[in-house]
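In what follows, every chain begins at residue 1, and chains take the letters A, B, ... in the order their sequences are listed.
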2 protein chains.
Amino acid sequence: MMSSIQIQPVAPAQTSAMQEHNHCATCSLHKLCLPTGLGDDEMSRLDSIIGRRRRVQRGTNLYRTNDPFTKLYAIRVGHFKTFQINAGGEQQITGFQMPGELLGMDAIGTGRHHCGAMALEDSEVCEIPFAKLEVLFAEIPQLLRHFHRLMSQEITREQNAMLLLGSMCAEQRLAVFLVNTGARYAARGYSANNFQLRMMREEIGNYLGLTIESISRLLSRFKKRGLLKVSNREIEILNPMILRAMAAGTELSR
Amino acid sequence: MMSSIQIQPVAPAQTSAMQEHNHCATCSLHKLCLPTGLGDDEMSRLDSIIGRRRRVQRGTNLYRTNDPFTKLYAIRVGHFKTFQINAGGEQQITGFQMPGELLGMDAIGTGRHHCGAMALEDSEVCEIPFAKLEVLFAEIPQLLRHFHRLMSQEITREQNAMLLLGSMCAEQRLAVFLVNTGARYAARGYSANNFQLRMMREEIGNYLGLTIESISRLLSRFKKRGLLKVSNREIEILNPMILRAMAAGTELSR
DNA sequence: CGCCGACTTGACATTAATCAAATGTAGTGG
DNA sequence: CCACTACATTTGATTAATGTCAAGTCGGCG
C-alpha cells in the first residue's frame, strides 16, 4: 500500500529509477516528459543542465506557495498534489501529478510559486533550472516547441477541471476522475482499469469540490452497481463502458 | 448599453482604436499585451508579423472548438467569452476576456482549439500568426520571456477559478467575480468600482457554476445591504471593503 | 491487543437548483 | 410616440442534491 521506497540505503541503487546518474535518454518517461521529440544530441544537452535528482519524502513539500521560482520539476518517481491555501487556511487541491509531468509552470508569470506541491508518496524529481532552460530554448527550437505544448496542455487540463467543477453533478465528477486517472496510467504503460489511488478519499473530494462522505457514498454506489471493485485504495474498473458514459454525462443514474 | 461600434463607415476612422493601420507602439494596451517590455525596434518587428486587425461582431465566434489553430488573437477592442461544450451540448464558460488579453493559447498543445471564443460585443482583435511568432521568439528573447509569463498567468487564472468553483459558496463566488472584474478594469485605467458588465446574468452564473436565479438573488441581496448599486448591467461597488472581505471569505453573511 | 487515522454509513440540515410567474427592457414597425 | 414582441431579469414556492453531524467499522502498526 505504501510506496516501495522507504529508507534509502547508501548502497548502490538497485533499479534504474533509483540510480543517481540517470539521464533523459535512459528514462522510461522521456516520451511524456520535457525531452519529447528531441534527438540524442539535444537530449544530452538538456541532460547537462538538469541539476540533480531530488528525493521528496511522502508528505513533504517540494515547494510552497510564494516560494521564489527558480526551477521546474519533472516527476521521475511518485505522485504529487498541488494546492492553494485560501484565506481561512484550508487547502484547495488543483491537481494530482504523475511521473513524467512537469511541476511549477504556474510560477513563471510572477517568479513565485502560486500553489504548493506535496509528495503523496516517497517520490523523486528532476530539477530543471529555468534560467538555463531558457538558454537552451534559443538553441533547440524543438525543445521550445514542446515546452509550449506542455504549458498549453496544462491550460486545457485546468479548463477541463473547470468544466467538471462548474457543470457536473457529484456522480459525474467522480466518474470523470476515475476514467481520467485510468487513462493517465494507460499513457504510462499501466492498466487503465486497475490501479491504486495515491491519495486519501478526502483529497479526492477536495479536488472534486465534494466532501469525503460524498466520495465514500459514491464509491459504494458504484461498487453496488458492479461498476467498480474497491478495496482500500485499490480500484478495479469492472465496467469501463458505463463508467465512461457516466463521465460523458450520457448515462446518469435514475 | 451596446458597443459604440455599430456600422463602420468607410470614411476615415475617427478614434485611434478604429484606424486600420495601428501599430503596437501606438496601442494603448501595449503595457498589458504581448509586446510588454519590448523596445521600439523589437515592437515594430512584432508589428510586422501581425496580419491584420479583424472585426468580430457581437455574438459571432472568433473560433470554435476543434478549429485548427494557426493564430493567437490579442483583443484590441471589446470583450469575449471562451467556453467548452459538453456531451449534452450545453456550454461551460471558462473565462471572460478583456482588451489586451490573448486568446487561443490553449490550442498550442494539440493544434486545435480546445474551446470556442465568442464576442460579447462588437470587438476587434489583432491576429498573430503563431508560426511567425515562433520565428520571432528565436530573435527576441524578451518577447519569448513575456510570452511565457502570459501563458503562466493563464494557468494561475484558471487555478484561481478552480479554487472558486471547488471551495466557495455562491455569495463568495459572486463577490470574487465582482472584485476581480473591477481590478481588471483598474489595470486598464478604468474605475474598479464602476463598470458595465458585458455579459448576461446567465453567463455570469454559468461561469460561476450557479444558475441565473442565484445570480439575480445575490445581486439583489448585495444591493439591499448597500454593497452595490445595480442598474441593468451597470455596477457600482459602494462598499469595496466589505465586498473584498466577502471575496476573501473573511466576512460572509450570517 | 488496543489505538489511531481513514473510511463508511445513517439521520438530518442547508444550499442552491428547479419550476413557475411576474416584471422590466430593448428593438420593431405602425 | 406607442403597441407589440422577444428576451432578460427578478421574485416566490418548492425540491433535490450535497453538506454536516454523529456513530460506527476497518485496517495497519506499535
If only side-chain N and O atoms of [X] are considered, is one of them under 4.0 Å from the OP1 or OP2 phosphate oxygen of [N]?
X	N	answer
Ser216(B)	dT11(D)	no
Ser214(A)	dA17(D)	no
Arg233(A)	dC7(C)	yes
Arg201(A)	dT8(C)	yes
Thr211(B)	dA17(C)	yes

What is the distance, rounded to the nearest whole Å, between atom [atom1] of [X] and atom [atom2] of [N]?
X	N	atom1	atom2	value
Leu218(A)	dT18(D)	CG	P	8 Å
Glu202(B)	dA16(C)	CD	C1'	16 Å
Met168(B)	dA16(C)	CE	P	13 Å
Arg58(A)	dA6(C)	CZ	C1'	11 Å

Taking only Lys NZ, Arg NE, NH1 and NH2, and the carboxylate oxygens of Asp or Glu, determine whether [X] and [Y] approach each other closer than 4.0 Å.
X	Y	result
Glu234(B)	Lys229(B)	no
Glu127(B)	Arg54(B)	yes
Glu101(A)	Arg184(A)	yes
Arg55(B)	Glu121(B)	no

Got a donor-acceptor pair under 3.5 Å from the side chain of Glu213(A) to the base of dC21(D)?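 Result: at least one qualifying N/O pair found.
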N/O donor-acceptor pair, side chain Arg217(A) with base dG19(D), under 3.5 angstrom: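 A donor-acceptor contact between them is absent.
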Categorize Gly209(A) for me: base, sugar-phosphate, or nothing, with a 4.0 angstrom heavy-atom threshold over every strand shown. sugar-phosphate
Would you indicate what Leu210(A) reaches in the nucleic acid, counting non-hydrogen atoms under 4.0 angstrom: base, sugar-phosphate, or nothing? sugar-phosphate
For Leu219(B) and Ala170(A), find the nucleotide of DNA chain D closest to each by heavy atoms; which residue's nucleotide sits nearer the 5' end? Leu219(B)
Please tell me which of the listed nucleotides, dT25(C), dC7(C), dT9(D), lies nearest to the side chain of Met200(A)? dC7(C)
Considering only side-chain heavy atoms of Ser220(B), which listed nucleotide, dT11(D), dT10(D), dA16(C), is closest? dT11(D)
Pair Gln97(B), Thr82(B) - check side chain to side chain donor-acceptor pair (under 3.5 Å), show working. CA-CA 8 Å; Gln97(B) 290 79 24; Thr82(B) 49; 3.1 Å; yes
